[in-house]
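Take a look at the structure below.
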Amino acid sequence: MERQSTYTATATIDEQGILTGWSEGARRLLGYDSPAVVGRPATELLATDAAAVRRALAGRSRWNGTVPLRHQDGRQLELGVLAHRRTTGTGATDWLVVSAMTARTQPPRGEPLEEWTFLQSPFPLAIFDAELRLLRANRRLEHALALPEAAMRGLSLAHIVPGAASEEAHRAMRLALESGRPQEARSRLGPELGRTTFLTPLKDADGRVRAVCLSVEQPAPESTGRPRPPAESDAAVGTAADQARAAQELAEVTVPRLADAMAVDLLDSPLTGTGTGRTWPEQFVLRRAALRAVPDGAGSGSGAGVGEAVVCPADSPPARCLTLAGPQLYDTADPAVAEWAALDPGAAWLRASGVHTLLAVPLLAPGGTLGVALFGRHPDRGRFGPEELRLAEEFAAKAATGIEQARGYSRSRTTTMALQRSLLPHTLPEQGALEIATRYLPAATRAGVGGDWFDVIPLSGARVALVVGDVVGHGIRASATMGRLRMAVRTLADVDLPADELLTHLDDLVLRLAADEGAADPDADSAGGIGTTCLYAVYDPVSRRCSLARAGHPPPAVVSPDGVVRFLDVPAGPPLGLGGLPFEAFETELPEGSLLALYTDGLLEARDHDIDEALDKMFTALGRPAKSLDSVCDRVLTELLTRRPDDDIALLVARTRALHEDLVASWQLDNELTVVSLARRYATEQLSAWGLDEASFTTELMVSELVTNAIRYGRPPIRLRLIHQGTKLISEVYDSSGTTPHMRRARIFDEGGRGLLLVAQLAERWGTRHDRVGKTVWAEQSLTTL
């Protein structure tokens with residue numbers, strides 16, 4: 001293998017076009033020392049119109065092509081460059097421009113069979129030399145990165161795809177080169193590449209490592225965004241479920257049947273109105289949705305790739321087609337077309353594919369013009385005639401119908417997701433009992449967003465309720481039902497119902513919703529939430545006990561502080577809406593530092609693995625140590641999902657905390673009014689021990705009223721409890737009577753009736769919590785307002 005002297009020239013340019021960085025390779029390339037160019041406009045080095053370069057870069061995050069530059073000695077150099085727009089650590093943006101310089105020798109080739117294997121492999125492949133500069137890249141990698149081999153040759157991976165993922169792969173590549181052993185990197189190099197990158201050392205006959213082969217696992221077909229094989233009939237055009245698929249089907253049906261190369265560029269929003277009387281923008285920004293040419297892949301690695309922005313000046317063929325809303329036929333030798341093709345990266349496929357005639361057809365739909373389809377032919381096929389024009393318009397109309405349907409579905413999905421986001425918790429409430437992290441992933445199917453939800457509800461006595469639920473069905477109806485059920489759970493939780501009783505009331509609500517919907521719309525595809533599942537859990541940091549009940553929902557998993565993972569044996573209970581069937585509560589003690597995982601069934605029902613495999617993966621992910629609960633959530637989703645889920649997924653992970661004895665004080669009181677003063681003294685002494693003397697006056701008043709109320713209207717035993725949790729102070733009085741106290745306004749000559757009114761005025765919030773036997777009246781103060 002012949003070695004050539006290779007070096008990389010790099011420069012950085014800020015958003016104002018000023019050179020901010022200049023490498024030694026750049027000095028060798030153009031002859032300028034760094035002090036001579038840094039701080040000066042980059043356009044001073046150009047040997048072409050700077051406006052054309054600005055137009056080429058407008059709206060793009062990456063560009064590659066040939067740029068004429070001036071050497072220090074006056075020579076003009078035509079250089080191939082690759083430019084990346086990036087965000088710096090301070091939030092500013094700049095451009096990284098790179099160019100690899102080496103002797104113009106052909107990269108090494110193998111025997112024909114080996115060459116075909118490399119080029120036609122279904123896996124993305126690349127070969128890097130001993131200096132970790134790219135020698136070869138096959139077509140699959142070119143497609144995945146939307147870069148031709150020529151633009152990447154001689155560059156390091158960090159210059160081809162800048163970022164943390166390429167840096168990790170570069171380190172693994174260096175280790176493979178030095179150790180002679182295969183390595184792996186687990187970061188995705190691009191959206192169309194798999195999660196794992198394999199780095200294999202290539203050895204000669206003597207066992208010496210001469211190069212490194214980079215190969216990437218293929219992502220699952222559904223996650224790549226690539227289309228399915230084309231249908232045989234013309235009816236396939238426009239029936240796709242998304243815009244990209246519809247555009248790609250148009251390309252597959254028309255190439256090579258109608259044209260030798262074609263591209264589909266779409267507007268972000270339909271263009272309405274036509275004619276010369278309207279004022280049009282100086283340029284149109286579209287997004288490339290499809291690109292196809294024969295022979296297979298010709299021109300696909302040039303200029304703007306699929307998914308990238310395409311900026312079309314007002315006088316370009318695509319822009320004229322959009323403004324006139326009619327087909328336009330051009331010869332690529334025409335000066336206007338030739339200039340556009342030479343300067344605009346969005347037209348680079350014209351040069352690469354060698355077409356000589358161009359037909360631009362608008363994609364027209366009732367909502368307006370959606371974009372433009374560009375068809376090109378080689379010289380040996382002749383120009384487009386009337387019959388070809390008719391076919392092109394027919395195919396474009398069918399594709400436009402599919403694209404508009406996909407956009408309608410997208411708008412509906414966006415509306416549903418916006419509704420769901422408004423109904424789900426925006427932020428987690430402040431509470432000290434649990435450390436919590438959550439994730440919500442909407443479904444990727446055409447059925448739409450489902451009705452999964454989660455919630456965190458602070459309760460009295462420093463307790464916290466956790467809720468995870470799954471409404472049957474998808475779409476706006478399911479999201480609306482989810483919102484109604486979530487609000488119902490919050491209302492029932494506020495009155496401190498036990499978990500099993502809360503689900504019983506929720507079951508009745510679902511039955512009423514079903515009856516109301518059935519009466520209003522007998523043909524409704526949903527039954528008001530019948531079949532909905534729900535898991536409700538309440539954790540008490542004082543007793544460290546957790547009470548749970550579930551209605552047809554998957555059981556929660558718990559990880560003990562020593563790393564043992566298990567399911568909690570919560571009785572299943574029927575789904576909501578069946579009526580007449582009981583729910584059973586389950587109570588267990590959770591040591592401080594236990595991890596509790598609540599989730600919906602979409603997490604375990606991915607179609608690429610069975611339930612047992614999913615459970616094993618979930619248990620493994622939960623059991624491994626992690627720096628944070630966010631890391632736990634991400635790890636669970638990463639391990640269980642290889643693609644966007646078919647059903648919504650809600651995941652809630654909580655780590656338990658404990659309120660130790662030094663923050664809780666409790667006293668048993670006699671059922672006599674004379675103990676009221678004793679209760680006040682207990683409270684004052686305890687607050688002094690906690691260093692909360694400033695809260696003594698208010699607390700004394702509330703304790704006095706609560707104890708008096710329990711003695712007069714309740715039954716023994718009577719207990720007073722104070723809880724100090726962060727910035728909250730909670731006063732509780734328990735008695736064994738089930739009668740709920742009511743606040744009323746005392747009249748002028750009434751001797752009583754003012755106690756609870758006084759408590760309500762002094763406390764931030766107060767209420768009554770019923771236990772299996774008796775009740776607790778509580779009041780919560782905020783220490784930050786004292």
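Listed by chain and number, the residues in a side-chain hydrogen bond (donor to acceptor under 3.5 Å, both in side chains) with Ser187 are Glu168 (sequence neighbours excluded). Residues that satisfy the side chain to side chain contact (heavy atoms under 4.5 Å, CB included) test with Ser560, not counting sequence neighbours, are Asp562, Val564. Remark: Phe619 engages Phe567 in a ring pair (Phe, Tyr, Trp, His ring centres under 6.0 Å) (not counting sequence neighbours). Checked against side-chain hydrogen bond (donor to acceptor under 3.5 Å, both in side chains), Asp771 has no partners two or more places apart in sequence or in another chain. Contacts of Asp500 classified as salt bridge (charged side-chain N to carboxylate O under 4.0 Å, His left out), with partners at least two apart in sequence or in another chain: Arg772.
A salt bridge does not link Asp540 with Arg463: none of the charged nitrogens is closer than 4.0 Å to a carboxylate oxygen. The residues Asp735 and Arg719 are annotated as not salt-bridged, no charged nitrogen and carboxylate oxygen being separated by less than 4.0 angstrom. Under 4.0 Å is where a charged nitrogen must lie from a carboxylate oxygen, and between Glu764 and Lys728 at least one such pair does.
Rounding to the nearest 0.5 Å gives a distance of 12.5 Å between CD1 of Ile649 and CZ of Arg439. Distance check: Leu492 CG to Met487 CE gives 12.0 Å after rounding to the nearest 0.5 Å. Considering CG of Leu651 and SG of Cys633, their distance stands at 4.5 Å, rounded to 0.5 Å. In this structure, Leu615 CG and Thr620 OG1 are separated by 10.5 Å, a value rounded to the nearest 0.5 Å. Taken to the nearest 0.5 Å, the OG1 atom of Thr532 stands 6.5 Å off from the CH2 atom of Trp453.
Judged by distance alone, the side chain of Arg635 and the main-chain N or O of Arg624 form a donor-acceptor pair under 3.5 Å. The backbone N or O of Leu604 sits nowhere less than 3.5 Å from a side-chain atom of Tyr599 that would complete a donor-acceptor pair. When atom types are taken as modelled, the side chain of Arg188 and the backbone of Leu193 share a donor-acceptor pair closer than 3.5 angstrom. Proximity of a side-chain donor or acceptor of Thr698 to a complementary backbone N or O of Ala695 within less than 3.5 Å is not detected. With hydrogens and angles disregarded, no donor-acceptor distance shorter than 3.5 Å links the side chain of Thr438 to the backbone of Leu652. Checking side-chain atoms of His170 against main-chain N and O of Ala172 turns up no donor-acceptor pair under 3.5 Å. No side-chain donor-acceptor contact under 3.5 Å links His770 to the backbone of Pro498. Of the possible polar contacts, none joining the Asp470 side chain to the Thr600 backbone as a donor-acceptor pair under 3.5 Å is found. Gln183 places a side-chain N or O within donor-acceptor distance of the main-chain N or O of Arg181, the cut-off being under 3.5 Å. With Trp667 contributing its side chain and Ala683 its backbone, the two residues share no donor-acceptor pair below 3.5 Å.
Listed here is the closest heavy atom pair of Ala760 and Trp766: CB-NE1, 3.4 Å.
Among the candidates Val777, Val759, Val703, the single residue satisfying the side chain to side chain contact (heavy atoms under 4.5 Å, CB included) test with Ser731 is Val703. When each of Val559, Leu434, Leu568 is checked for a side chain to side chain contact (heavy atoms under 4.5 Å, CB included) with Leu596, only Leu568 meets the rule.
Crowding of Arg490 atom CZ: a count of heavy atoms from other residues, nucleotides or ligands under 6.0 Å exceeding 12. In Glu589, the CD atom is crowded: over 12 heavy atoms of neighbouring residues, nucleotides or ligands sit closer than 6.0 Å.
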- request: Go through the steps for Gln431 and Ile436 under the test side-chain contact (heavy atoms from CB on, under 4.5 Å), then give the verdict.
  value: CA-CA 10 Å; Gln431 47 79 35; Ile436 296 175; 3.7 Å; yes

message: Before you tell me yes or no, could you show the steps for Glu732 and Arg769 under side-chain contact (heavy atoms from CB on, under 4.5 Å), namely the whole-Å CA-CA distance, both residues' side-chain angles and the distance that decides it to 0.1 Å?
response: CA-CA 10 Å; Glu732 297 182 342; Arg769 177 174 73 249; 3.4 Å; yes

- prompt: Under the side-chain contact (heavy atoms from CB on, under 4.5 Å) criterion, do Val468 and His553 qualify, and how do the steps go?
  reply: CA-CA 9 Å; Val468 173; His553 202 83; 3.6 Å; yes

field: Verdict with supporting geometry, Thr197 and Met173, side-chain contact (heavy atoms from CB on, under 4.5 Å)
entry: CA-CA 10 Å; Thr197 302; Met173 199 183 309; over 6 Å; no

Audit row: Lys617, Glu613, salt bridge (Lys or Arg N to Asp or Glu O under 4.0 Å) steps and yes/no: CA-CA 6 Å; Lys617 289 183 176 181; Glu613 181 184 356; 3.3 Å; yes

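A donor-acceptor contact closer than 3.5 angstrom links the side chains of Thr699 and Gln781. Side chains of Asp452 and Tyr440: a donor-acceptor N/O pair is absent below 3.5 angstrom, by distance only.
Contact of the Ile723 side chain with the Leu729 side chain is not registered, since no non-hydrogen atoms from C-beta on lie closer than 4.5 Å.
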For a quick test of your reading: what N or O donor-acceptor pairs under 3.5 Å do the side chains of residues 653-660 make, sequence neighbours left out?
{"unit_1": "Arg655", "atom_1": "NH1", "unit_2": "Glu435", "atom_2": "OE1", "d": "3.3"}
{"unit_1": "Thr656", "atom_1": "OG1", "unit_2": "Pro591", "atom_2": "O", "d": "2.9"}
{"unit_1": "Thr656", "atom_1": "OG1", "unit_2": "Gly593", "atom_2": "N", "d": "3.1"}
{"unit_1": "Thr656", "atom_1": "OG1", "unit_2": "Ser594", "atom_2": "N", "d": "3.1"}
{"unit_1": "His660", "atom_1": "ND1", "unit_2": "Arg544", "atom_2": "NH2", "d": "3.1"}
{"unit_1": "His660", "atom_1": "NE2", "unit_2": "Glu592", "atom_2": "OE1", "d": "3.3"}

